[in-house]
Each structure stands twice: as C-alpha cells, then as structure tokens.
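All chains are named by letter (A, B, ...) in the order of the sequence lines, taking the proteins before the strands, and each is independently numbered beginning at 1.
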Protein chains: 2
Amino acid sequence: MKKKRKYYKVQEYIKKNIQQGIYPIGSYLPSENDICKQFDITRTTARKALDELLKDGFIEKEHGKGSKVLERSKSLGLLTVKGFTEAANHKIKTVMLQEPKIDNWSPSIAFPLKQDEIQAKCVYFQRVRYINDKPIMLEHNWYAEDALELIKPDDFIEGSFFKTLSQKYFIEIKGSKQELRAEPANKEVANNLGLEEGEAVLHISICFKTSNPTLNLYSELYCNTSEFPIRNSYFL
Amino acid sequence: MKKKRKYYKVQEYIKKNIQQGIYPIGSYLPSENDICKQFDITRTTARKALDELLKDGFIEKEHGKGSKVLERSKSLGLLTVKGFTEAANHKIKTVMLQEPKIDNWSPSIAFPLKQDEIQAKCVYFQRVRYINDKPIMLEHNWYAEDALELIKPDDFIEGSFFKTLSQKYFIEIKGSKQELRAEPANKEVANNLGLEEGEAVLHISICFKTSNPTLNLYSELYCNTSEFPIRNSYFL
DNA sequence: AGTTTTAACTTGTACGTACAAGTTAAAATG
DNA sequence: CATTTTAACTTGTACGTACAAGTTAAAACT
C-alpha cells in the first residue's frame with residue numbers, strides 16, 4: 001500500500017546515494033527541477049522528498065543555491081559515536097578489548113530487553129576509546145544475534161559501528177533512550193581508564209532504535225570527563 | 001519582506017492559541033479545511049503551517065482524525081526542566097535559595113558569553129529541586145539583565161521558568177548546548193544535596209537559545225544521580 | 001579593465017484541483 | 001436489536017501553474 005508514495009522512493013534513492021558517497025558530503029544535490037525530470041514527478045513531490053531528508057538531517061537547503069549534503073548524525077540525543085569521533089583536533093584511537101562474539105545477555109544492561117531479544121543470544125563487543133593516547137571511555141555493546149550477522153572487526157568502516165550499519169547494511173539510527181549517572185569507578189573501569197578506584201566517572205546507558213525494527217543496540221559506557229566533558233547540542 | 005509568509009502567520013496564531021491553552025493539550029485543532037476558510041488560504045498553505053508546528057513538536061497528526069495538541073518540550077537535548085518535572089509519580093518540590101536578583105556574571109559559567117551580554121549585568125537565581133523530599137539537584141541560573149525583566153518568584157507559573165517564558169512572554173526555547181561532567185561534590189554541593197564531600201555528582205552546564213535572539217539562559221546544574229538517573233530520549 | 005546589468009539558474013511561497021485512504025457516526029439492512 | 005453499509009468527515013499524496021526571491025556568471029556598458 002505504501003508503493004504509491006513516490007516521494008518516499010525518491011527520498012530513499014537520494015538517501016542511498018548520500019550514504020554510498022555518490023552525493024558526497026558538502027556537495028549539492030541535483031536541483032529540484034532535475035529531480036522532477038529524472039523521476040517524472042512534479043516539483044511538489046520532489047520538494048516533499050527533500051523536506052523529509054531535511055527533517056532527518058541529511059541535507060540543508062540554501063535559497064537560490066541548492067540542497068547541500070550534510071555530515072550525518074546530528075541530533076541523536078547526546079553522545080552518539082559522533083559525539084566522540086567529533087572531538088576534532090585530537091588524536092582518536094579505538095582498541096577492541098573483546099571482538100564481537102556470540103554471548104549471553106548481561107544483567108548490567110540498564111534497559112529492559114524485548115521478549116524476542118531475551119530468547120535469542122546476543123553479539124557482544126567491548127572497546128576502549130582514547131584521546132591523545134589517554135583512555136577516556138570504556139564501552140560495552142550488545143545486539144540480538146538473530147537481528148544482524150556478527151560483524152568482524154575488519155569490516156568496521158573507519159572503526160565506526162554506525163558507519164558500518166549505515167553504509168553496508170543501510171540501517172539508520174532512528175532514536176535512542178539514555179540514562180546518565182555519575183558514579184565512582186569500579187576496579188574494571190578504573191583499570192581500563194587509568195583512574196583510582198572511586199573516582200567520579202560518567203556512566204551512560206543507551207538503547208538505540210534502528211530502522212530495522214528487530215535490531216536494537218544496547219551500550220553501557222563509562223567516561224572519564226575530567227579533561228573532555230561530553231558535549232551535546234540540539235537545535236529545532 | 002517576511003510579511004508575505006501567510007503560513008507563518010497561521011503557524012504563529014495557532015502556536016499562540018496552544019500556549020495560552022485556547023487549544024488545550026490533547027485536543028484537536030480545527031481541521032485543515034476550517035483553517036483554510038478562517039484565513040482564506042488554500043490547503044497547501046494551511047498544511048505548510050501545520051507541518052512547521054509538527055516539526056517543532058507542538059502537534060501530532062492522526063490520519064483521518066485531525067491534528068492533536070502535544071505536551072510541549074520534547075526533544076530539547078536532555079534534561080530540560082521537563083526532564084525533571086517529568087519524574088511523575090514522585091513528589092517534586094522546588095526551593096528558591098536565591099531569588100532572582102541583579103548580579104555580576106559568574107566565572108563558573110561554562111559557556112562563553114556573547115559580547116553584548118558581557119557588557120550588561122545579569123539576573124541570577126539559585127534553586128534546589130527535591131524528589132520525595134530528598135534534594136536531588138542544585139541549580140544556578142543566569143540571563144542578561146537587559147534581555148528580559150527581572151521575574152519575581154510569584155510570577156513563576158507552576159514554579160517553572162520555561163512555562164513562564166512561554167506563556168507570559170511568548171518566548172520559546174529554540175535549542176541548547178550542554179556539557180556533562182562527572183565530578184566529586186564540593187562543599188556547597190554536598191551541603192545542599194545532603195552528600196559527603198567528594199561523592200560523585202553529575203555536573204551539567206547548559207546554554208539555552210531562545211526565540212528572542214538577545215536572550216540566552218545559562219545554567220549550571222549539580223545532580224545526585226544515584227537514585228534518579230537523568231533520562232533522555234530522542235526520536236527522529 | 002573595472003563596473004553594472006542582465007539572464008539563467010536556484011529554492012520559496014501560494015494558488016487550485018483531484019483523488020486516495022483512515023475515521024466515525026448516522027442510516028439502511030437483516 | 002445487532003450488523004452492515006453508506007455518507008460525511010478527516011488527513012495524505014500528487015498533479016499543474018505562477019510568480020517571488022536569492023545566487024551566479026556571462027554579457028553589456030562605461
């Protein structure tokens with residue numbers, strides 16, 4: 001029944017081209033009139049497609065110039081992976097402490113699992129993120145084993161799980177729930193982040209929803225924020 | 001030049017009626033056709049106005065039924081006042097430690113002030129938020145004295161600064177920048193939140209942008225997250 | 001050569017029309 | 001009376017047209 005939504009097809013086509021780099025970041029999309037010709041639609045429909053991409057943060061429009069492709073991933077609550085990779089000017093390093101493996105769900109996951117998920121096993125992986133060779137964040141990540149194949153470390157695009165999802169599997173992050181707590185570091189966290197036990201760390205629990213309804217990502221993050229606070233901004 | 005944007009006038013008219021409770025939360029707006037008649041516009045234009053309100057989180061649309069007025073303030077990054085007041089089922093109390101007064105800008109504000117602001121004085125007020133009679137959050141708030149009059153405590157609508165802004169001054173929050181740090185509590189924080197010095201607290205620095213370009217709000221918050229973690233969710 | 005004007009692009013706003021599709025309550029049916 | 005059908009609403013999609021307004025580079029002018 002949704003086959004009739006022409007604008008949706010156009011939207012998905014353009015989105016795919018952005019994700020695959022055919023329309024590179026910073027470049028301008030074909031003009032609205034070009035899109036009309038290409039898909040044999042009216043400008044109303046083409047604009048509707050672009051409006052959706054605008055809302056999703058894929059493009060911005062410049063009056064008189066065109067639609068420019070944006071860097072993806074703004075406005076995902078706080079500290080998406082972007083919040084981290086974005087710490088520009090700084091040397092980022094990621095060390096995989098535990099490569100993705102089939103495992104049982106951990107009780108340390110803060111958010112309740114769905115029925116479907118709890119019955120399957122899960123894929124688990126653990127990483128430490130460094131800035132300027134200082135360990136800043138300890139990451140635990142889980143997702144349902146039957147929702148997505150086990151991704152090997154070599155398949156990570158630029159070390160980013162989200163980029164891999166987007167570019168290899170065309171899965172987008174649709175939203176997230178998060179909980180934040182200031183906690184004293186336990187032994188594991190202290191060891192991995194080079195802190196004393198009991199020092200204050202920021203504990204962030206996240207449940208990411210994706211465009212694949214069966215795939216949720218669960219992350220438990222422990223951050224040393226003394227030097228690099230977590231930043232977040234949102235604009236309507 | 002912007003006078004010509006009919007949809008904007010309609011949008012602002014409806015927004016005002018929502019803010020003033022003429023279109024109450026949960027009710028349905030007049031239908032698109034009614035709006036057309038009322039403003040002598042076509043449905044295209046009426047829908048454009050509603051689209052904007054949809055984007056801004058004022059309404060949601062229900063196919064075949066109508067446009068429903070939403071509770072305001074979703075998706076403002078994390079922990080807007082809503083994030084707090086929302087802790088439903090719990091008894092919330094707010095104690096004003098320092099009523100709004102003219103003061104000098106404090107160096108403890110994490111975000112850089114604008115040139116215009118730094119030259120003026122500011123209005124400062126300090127509050128402690130309680131949940132179930134336990135002090136949970138210590139708040140410091142500042143805004144430029146020449147951007148908005150000094151609001152007296154009695155004028156706070158339901159104890160909420162944001163509701164007051166919205167309903168009395170028609171000023172909306174347009175976005176925010178935030179920084180999060182896990183820190184050991186200092187003496188002032190520990191005293192006000194009933195903690196030991198050195199216990200981990202969540203320090204949140206916020207700069208709110210408003211629909212009044214000259215008015216920014218600066219807040220430094222200190223949270224005891226051990227019992228009530230800060231929640232945040234975002235959906236595209 | 002340097003400046004101004006123009007023409008050809010771009011997106012923004014708004015008109016009007018038509019039909020599809022979801023919702024609801026009244027009317028027709030058994 | 002209970003069920004089904006219909007009619008009258010709602011929003012969703014898409015057509016086509018026209019002109020306004022911002023941008024840019026080529027053309028015309030001084």
Open item on the list: Rounded to whole Å, how long is the line connecting atom OH of B:Y28 with atom C1' of D:dC9?
Closed with: 14 Å
Open item on the list: From CD of A:E32 over to P of D:dG22, roughly how many Å is that when rounded to an integer?
Closed with: 16 Å
Open item on the list: Can you see if the side chain of B:R43 gets near the phosphate of C:dG16 - specifically, an N or O under 4.0 Å from OP1 or OP2?
Closed with: no
TODO: State whether A:K65 places a side-chain N or O below 4.0 Å from either non-bridging phosphate oxygen (OP1 or OP2) of C:dC9.
DONE: no
TODO: May I ask you to evaluate whether A:K61 reaches the phosphate of C:dG12, defined as a side-chain N or O under 4.0 Å from OP1 or OP2?
DONE: yes
TODO: State which residues pass side-chain hydrogen bond (donor to acceptor under 3.5 Å, both in side chains) with B:S219; sequence neighbours excluded, sorted by chain then number.
DONE: B:N141
Task: For A:E227, all residues meeting side-chain hydrogen bond (donor to acceptor under 3.5 Å, both in side chains), sequence neighbours excluded - done: A:K134
TODO: If the plane angle is over 60° it's perpendicular, under 30° parallel, otherwise tilted; pick one for A:F156 and A:F161.
DONE: tilted
Task: Rounded distance (Å) that lies between atom C1' of C:dA20 and atom NZ of A:K6 - done: 13 Å
- [ ] Have a look at B:Y7 and say if it touches a base, only the backbone sugar-phosphate, or nothing, with a 4.0 Å heavy-atom cut-off.
- [x] sugar-phosphate
TODO: Could you say whether A:D34 or B:T44 is positioned toward the 5' end of DNA chain C, judged by the nucleotide with the nearest heavy atom to each?
DONE: A:D34
Protein-nucleotides 4-6 of chain C N/O pairs under 3.5 Å:
none

- [ ] Could you state the atom-to-atom distance from NE2 of B:H63 to C1' of D:dG12 in whole Å?
- [x] 5 Å
Open item on the list: Reading DNA chain D from 5' onward, which residue's closest nucleotide shows up sooner: A:E62 or A:I41?
Closed with: A:I41
- [ ] Applying side-chain hydrogen bond (donor to acceptor under 3.5 Å, both in side chains), name anything that partners B:K68, two or more places apart in sequence or on another chain.
- [x] B:E62
Open item on the list: Just to verify, which of A:K48, A:K37, A:K65, A:R47 counts as forming a salt bridge (Lys or Arg N to Asp or Glu O under 4.0 Å) with A:E32?
Closed with: A:R47
- [ ] Using atom CG of A:L50 as one end and atom P of C:dT10 as the other, report the distance to the nearest whole Å.
- [x] 13 Å
- [ ] Kindly determine whether A:E139 and A:R127 satisfy salt bridge (Lys or Arg N to Asp or Glu O under 4.0 Å), including the steps that lead there.
- [x] CA-CA 5 Å; A:E139 259 189 40; A:R127 303 189 288 187; 3.1 Å; yes
- [ ] Grab the NZ-C1' distance between B:K68 and D:dT11 for me, whole Å please.
- [x] 15 Å
Task: Test side-chain hydrogen bond (donor to acceptor under 3.5 Å, both in side chains) applied to A:T214 - qualifying residues, sequence neighbours left out - done: A:N212
Open item on the list: Rounding to an integer number of Å, can you tell me how far A:D51 CG sits from D:dA14 C1'?
Closed with: 15 Å
Open item on the list: What contact category does A:S31 fall into here, base, sugar-phosphate, or nothing, at under 4.0 angstrom with non-hydrogen atoms?
Closed with: sugar-phosphate
Open item on the list: Tell me which nucleotide, if any, is Watson-Crick or G-U wobble paired with D:dG22 when both distances must be under 3.5 Å.
Closed with: C:dC9
Task: Side chain of B:N33 - closest among D:dT10, D:dC15, C:dT13 - done: D:dT10
TODO: Check the distance between C:dA14's P and A:K48's NZ and give it to me in whole angstrom.
DONE: 17 Å
TODO: Would you indicate, yes or no, if D:dG12 has its OP1 or OP2 atom less than 4.0 angstrom from a side-chain nitrogen or oxygen of B:R47?
DONE: yes
Task: All ring pair (Phe, Tyr, Trp, His ring centres under 6.0 Å) counterparts of B:Y124, not counting sequence neighbours - done: B:W142
